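One structure below.
Computed from a predicted structure; not experimentally measured. Numbers here are sequence positions counted from 1. Excluded from the calculations below are hydrogen atoms, water molecules and symmetry mates; all remaining heavy atoms, backbone and side chain alike, are included.
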Amino acid sequence: MAGSQDIVGQLGLSTKARVSFMGRATSVPDLCEDAERLAAGLVERKGSEEGQVTIFMPNCPLAITALLACLAAGYAPRLLDPRAALNDLKPQFADIEEGDLILTVDLSAVQDRLLSVLPEGRQPEVAVARFASQMPFFQRILAPYLRGGTFSRVPAHSAFYRLDKLMGKSGQMTPALSSESEIVVSSGACSLSALVEEAGAQAQSRKGQCWLLDQPLTRRDSLIAVLAAMRKGAELVLSPRLDEDSLKKVEAAAKADLRVPGTRT
């Protein structure tokens, strides 16, 4: 699987595939390019901090980008669902160490749950992505005005920083996805090669050009469906699976009146 190809080539993804999320579609090549930039930053970080990488995000393109980046950088990422029960999440974070890295988003509900399950006395690095960056334009420009509710600021702690700081440059590295790479999901570790093989079979047998994923990405069958859609060249529609309050506020941004009072339309 490793070689001189980019992520699209190494995983056999279609350049026609798209990932749609809350009204905005992103081409798979663009998504993979972002993943390669993040992988470059992760490789640089890996030189000083080996550690474990945990992806703690709701269903969204950023989660797929983070997953591909971790694999390309040689990590075995662990996927955890922010909407899982706290009693299930706490044991998952019990082994967290200071050299570990958590990739998450700046949704208040996600941040609150993360802070509630982190063990006391051990503070891993937490890279926080801008959730609004993957939303349609009008929702994106309104995002700063929602910070009191849906969106949160990065905590004033040296261990927390914006994910942007990890991003490397385009073409900075050649991804080396290995057939021995593993992803840790809710059912345990699974090999990337097995996922790719099953995704290839599913891409050939499944019909339709628009696939909806409304179950968490932390499931093995979800990852197979994601890879299958991207290999087939289909449009993968991600259901955000946000908490009800966050979803209502994000959706309200799309309906907001952006006109300045007193101006003509």
Joint cluster assignment, Phe160 & Leu62, ILVMFWY side-chain distance < 4.5 Å: yes
Same apolar cluster (I L V M F W Y, side chains within < 4.5 Å links), Val237/Leu31: no
Check: Ser20/Glu235 side-chain N/O donor and acceptor closer than 3.5 Å: yes
Student check: side-chain heavy atoms of Leu163 and Leu166 closer than 4.5 Å: yes
Rounded distance (nearest 0.5 Å) linking atom OH of Tyr75 with atom CG of Leu103: 9.5 Å
Expected output: side-chain Asp100 to main-chain Glu97 donor-acceptor under 3.5 Å: yes
Gln52 side chain vs Leu101 backbone, donor-acceptor pair below 3.5 Å: no
Donor-acceptor contact below 3.5 Å, side chain Ser222 vs main chain Pro216: yes
For the student: nearest non-hydrogen atoms of Ile7 and Ala72, plus distance: CD1-CB, 4.2 Å
Salt bridge flag under 4.0 Å for residues Arg78 and Asp95: yes
Gap between atom OG of Ser116 and atom CD of Gln111 - 0.5 Å precision: 11.0 Å
Beyond-backbone contact of Arg220 with Ile224, side-chain heavy atoms, under 4.5 angstrom: yes
Minimum-distance pair of heavy atoms, taken over all atoms of Glu182 and Ala189: OE1-CB, 3.9 Å
Pairwise ring-ring contact (aromatic ring centres under 6.0 Å, His included) hits with a residue in residues 202-229, at least two apart: none
Verify same cluster id: Leu192, Val184 (apolar side-chain graph, 4.5 Å): no
Check against side-chain contact (heavy atoms from CB on, under 4.5 Å), Cys70 and Leu38: CA-CA 8 Å; Cys70 289; Leu38 177 55; over 6 Å; no
Donor-acceptor contact present, side-chain Arg24 to main-chain Ser133, <3.5 Å: yes
Interatomic spacing from SG in Cys190 to CG in Leu223 - rounded to 0.5 Å: 6.0 Å
Joint hydrophobic cluster, Ile55 plus Val185, side-chain heavy atoms closer than 4.5 Å: yes
More than 12 heavy atoms from other groups under 6.0 Å of CD on Gln209: yes
Where Leu71 and Pro77 come nearest, the two heavy atoms and their spacing: CD2-CD, 3.9 Å
Interatomic distance, Leu80 atom CG to Leu114 atom CG [nearest 0.5 angstrom]: 10.0 Å
pair Gln123-Ile96: side-chain heavy atoms closer than 4.5 Å: no
Shortest non-hydrogen contact from Leu217 toward Leu79: O-CD1, 3.5 Å
Val110 vs Pro58 side-chain heavy atoms within contact, under 4.5 Å: yes
Minimum-distance pair of heavy atoms, taken over all atoms of Leu238 and Phe21: O-CD1, 3.7 Å
Donor-acceptor pair, side chain of Lys16 and main chain of Lys232, under 3.5 angstrom: no
Minimum-distance pair of heavy atoms, taken over all atoms of Leu13 and Val28: CD1-CG1, 3.8 Å
Side chain Arg18, main chain Ser27, donor-acceptor under 3.5 Å: no
Non-hydrogen side-chain atoms of Leu118 and Ile102 separated by less than 4.5 Å: yes
Ser205 side chain vs Ala201 backbone, donor-acceptor pair below 3.5 Å: yes
Side-chain donor or acceptor of Thr104 paired with backbone N/O of Phe56 under 3.5 Å: yes
Side chain proximity check, Thr26 to Gln134, heavy atoms < 4.5 angstrom: no
Modelled atom types, side-chain donor and acceptor of Gln215 and Asn59, under 3.5 Å: no
Shared hydrophobic cluster for Val128 and Phe93 (ILVMFWY, side-chain gaps under 4.5 Å): yes
Arg162 bridged to Asp106 by N-O distance under 4.0 Å: yes
Residues Val226, Leu67; criterion side-chain contact (heavy atoms from CB on, under 4.5 Å); working and verdict: CA-CA 12 Å; Val226 168; Leu67 172 62; over 6 Å; no
Backbone N/O of Leu177 and side chain of Ser181: donor-acceptor pair under 3.5 Å: no
Separation between CZ of Arg37 and SG of Cys32, rounded to the nearest 0.5 Å: 13.5 Å
Electrostatic pair Arg83-Asp81, nearest N-O below 4.0 angstrom: no
Spacing of Thr54 atom OG1 and Gln92 atom CD [to the nearest 0.5 Å]: 9.0 Å
